[in-house]
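Heads up, the thing below is written out as structure tokens.
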2 protein chains.
Amino acid sequence: MTIQFLGAAMGATGSEVSPRVEAKRQRRRAEILEAAIQAFREKGYHGTTLEDIAERLGVRNTALYHYFPDKEAILYECHRESLGQVMTLLDDARRHSDSPAEQLRYLIAEHVRVMTETLRGSSLAFEVHSLAPEHQAEIIRERDRYERGLRKVITAGIDSGEFRDVNPKITVFAILGAINWIARWFDPDGTIHSPELGAAFADQLVGGLT
Amino acid sequence: MTIQFLGAAMGATGSEVSPRVEAKRQRRRAEILEAAIQAFREKGYHGTTLEDIAERLGVRNTALYHYFPDKEAILYECHRESLGQVMTLLDDARRHSDSPAEQLRYLIAEHVRVMTETLRGSSLAFEVHSLAPEHQAEIIRERDRYERGLRKVITAGIDSGEFRDVNPKITVFAILGAINWIARWFDPDGTIHSPELGAAFADQLVGGLT
DNA sequence: TCAAAAACTTAATGACAATTCAATTTTTGG
DNA sequence: CCAAAAATTGAATTGTCATTAAGTTTTTGA
């Protein structure tokens with residue numbers, strides 16, 4: 001009766017279950033994560049009950065234990081999901097242009113898109129301290145990697161003369177603050193939409209560096 | 001035995017207790033709020049126990065009930081405190097300069113100062129949904145008033161030609177996001193300090209509007 | 001079609017944390 | 001110094017979840 005949470009291992013050994021079944025399981029896991037992200041976004045991690053998440057899916061809270069060992073594991077996966085999404089942007093940005101200013105504009109606009117279109121990015125705005133110590137360390141390490149990537153773009157821009165001599169650390173905090181805050185006010189049914197928002201943020205936040 | 005929470009009413013009838021005693025009580029209330037703000041900032045509202053708050057003050061959690069009727073009341077007062085602090089900035093800014101750009105720079109720098117020097121401002125970054133419905137409505141109404149005040153400065157700047165034709169709503173969200181995010185990363189013992197941070201934010205966020 | 005696997009359910013369990021209550025200690029002001 | 005008020009405490013209460021256990025229903029694939 002022990003459930004193995006193959007999905008969590010990502011590199012699933014997969015020899016035990018048919019790919020069809022495994023794929024279905026993964027889809028369901030994704031649905032749970034999406035419901036969880038929405039709930040966490042609205043009420044915070046501690047303020048959200050498993051009931052809240054299950055309700056959005058039309059099941060009982062205990063059903064979730066078939067997919068995740070506990071509540072913290074759900075939060076952990078939300079963070080991994082978000083980090084995975086934005087982390088790829090760093091490489092994309094390098095391919096997108098050679099100009100640091102253009103790279104930064106791209107990164108901001110795409111990060112905003114990830115935050116709004118798929119709510120996938122919003123976990124970055126969640127409280128990290130709710131994670132178990134080991135998970136917390138891992139997520140913080142990854143998040144730092146992302147922040148370092150952004151700072152590198154800023155530094156490159158300063159070196160190339162595209163940006164004035166700003167403090168990269170502070171600059172990145174301002175950018176991430178503006179973006180992460182989106183999770184607090186954005187309404188998918190509202191009048192503001194991703195492309196407009198991304199462009200506006202890029203204009204303001206990058207424009208202020210020249 | 002019923003405790004009256006005179007402090008909460010602010011317009012205390014005060015005829016029952018000596019001013020000396022009342023003043024002491026207010027000081028203690030302030031201490032509790034400060035401890036609570038720090039705890040909430042680190043663990044979030046639901047993630048913080050009354051024990052956490054009491055511990056910082058060297059008392060038992062039940063002692064807090066002498067000053068606040070319940071946990072939610074503490075959060076409520078934190079929000080009121082923060083809003084009170086930043087709300088006065090709107091008037092200060094008008095007195096400070098006639099130029100919208102200068103007003104906005106002032107507002108950003110001062111808001112940053114309030115966030116970092118006294119942690120008083122950080123409650124604005126707390127989750128509003130944890131408040132009781134009536135309190136939530138009041139706080140949101142006040143917060144909206146602050147946001148409107150900021151938008152008015154942006155609009156004035158556009159009209160005066162100091163700013164380009166940006167979307168005031170988005171612009172204010174970016175500014176408040178950057179500032180509120182400070183609560184998540186700022187370390188009072190770190191290398192970044194208020195004046196530098198305030199100036200850097202003002203440069204980047206206002207500079208991007210011209 | 002049918003047995004095994006998977007998905008989900010209902011009914012406990014147990015912990016924790018907010019709150020209440022009934023003292024006890026400390027402070028205040030005459 | 002002393003009685004009343006204020007501050008605090010320890011013990012008891014309670015409700016809310018997360019989690020576990022033990023079925024039941026649904027899906028899968030041969």
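In this text, all values refer to a predicted model and were calculated from it rather than measured experimentally.
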If I take atom [atom1] in residue [X] and atom [atom2] in nucleotide [N], what distance separates them, rounded to the nearest angstrom?
X	N	atom1	atom2	value
A:Glu72	D:dT19	CD	P	9 Å
A:Asp70	C:dC16	CG	P	15 Å
B:Arg28	C:dT26	CZ	C1'	13 Å
A:Arg60	D:dT19	CZ	P	19 Å
B:Asp52	C:dA17	CG	P	8 Å
A:Arg25	C:dC8	CZ	P	10 Å
B:Phe68	C:dA18	CZ	P	15 Å
A:Leu50	C:dT10	CG	P	16 Å

A:Phe126 and A:Phe40 aromatic ring geometry - parallel, tilted or perpendicular at 30°/60° bounds: perpendicular
Parallel, tilted or perpendicular: ring planes of B:Tyr106 versus B:His96, cut at 30 and 60 degrees: parallel
Minimum-distance nucleotide to [X] side chain [options: [options]]:
X	options	result
A:Tyr67	D:dG29, C:dC8, D:dT19	C:dC8
A:Ser18	C:dA7, D:dA18, D:dG29	D:dG29
B:Val21	C:dG29, D:dT9, C:dT19	C:dG29

Check: A:Trp181 ring centre within less than 6.0 Å of B:Phe173 ring centre: no
Between B:His111 and B:Tyr146, ring centroids under 6.0 Å: yes
B:Thr48 vs A:Val59, nearer the 5' end of DNA chain C by closest nucleotide: A:Val59
Comparing A:Ala63 and B:Tyr45 on DNA chain C - which has the more 5′ nearest nucleotide: A:Ala63
Heavy-atom donor-acceptor pair, A:Asp52 side chain to A:Thr48 backbone, under 3.5 Å: no
Touch class at under 4.0 angstrom, heavy-atom based, for B:Thr62 against every strand present: base
Phosphate contact (C:dT28 OP1 or OP2) by B:Lys24 side-chain N/O below 4.0 Å: yes
B:Thr49 side chain near C:dC16 phosphate (N/O to OP1/OP2, under 4.0 Å): no
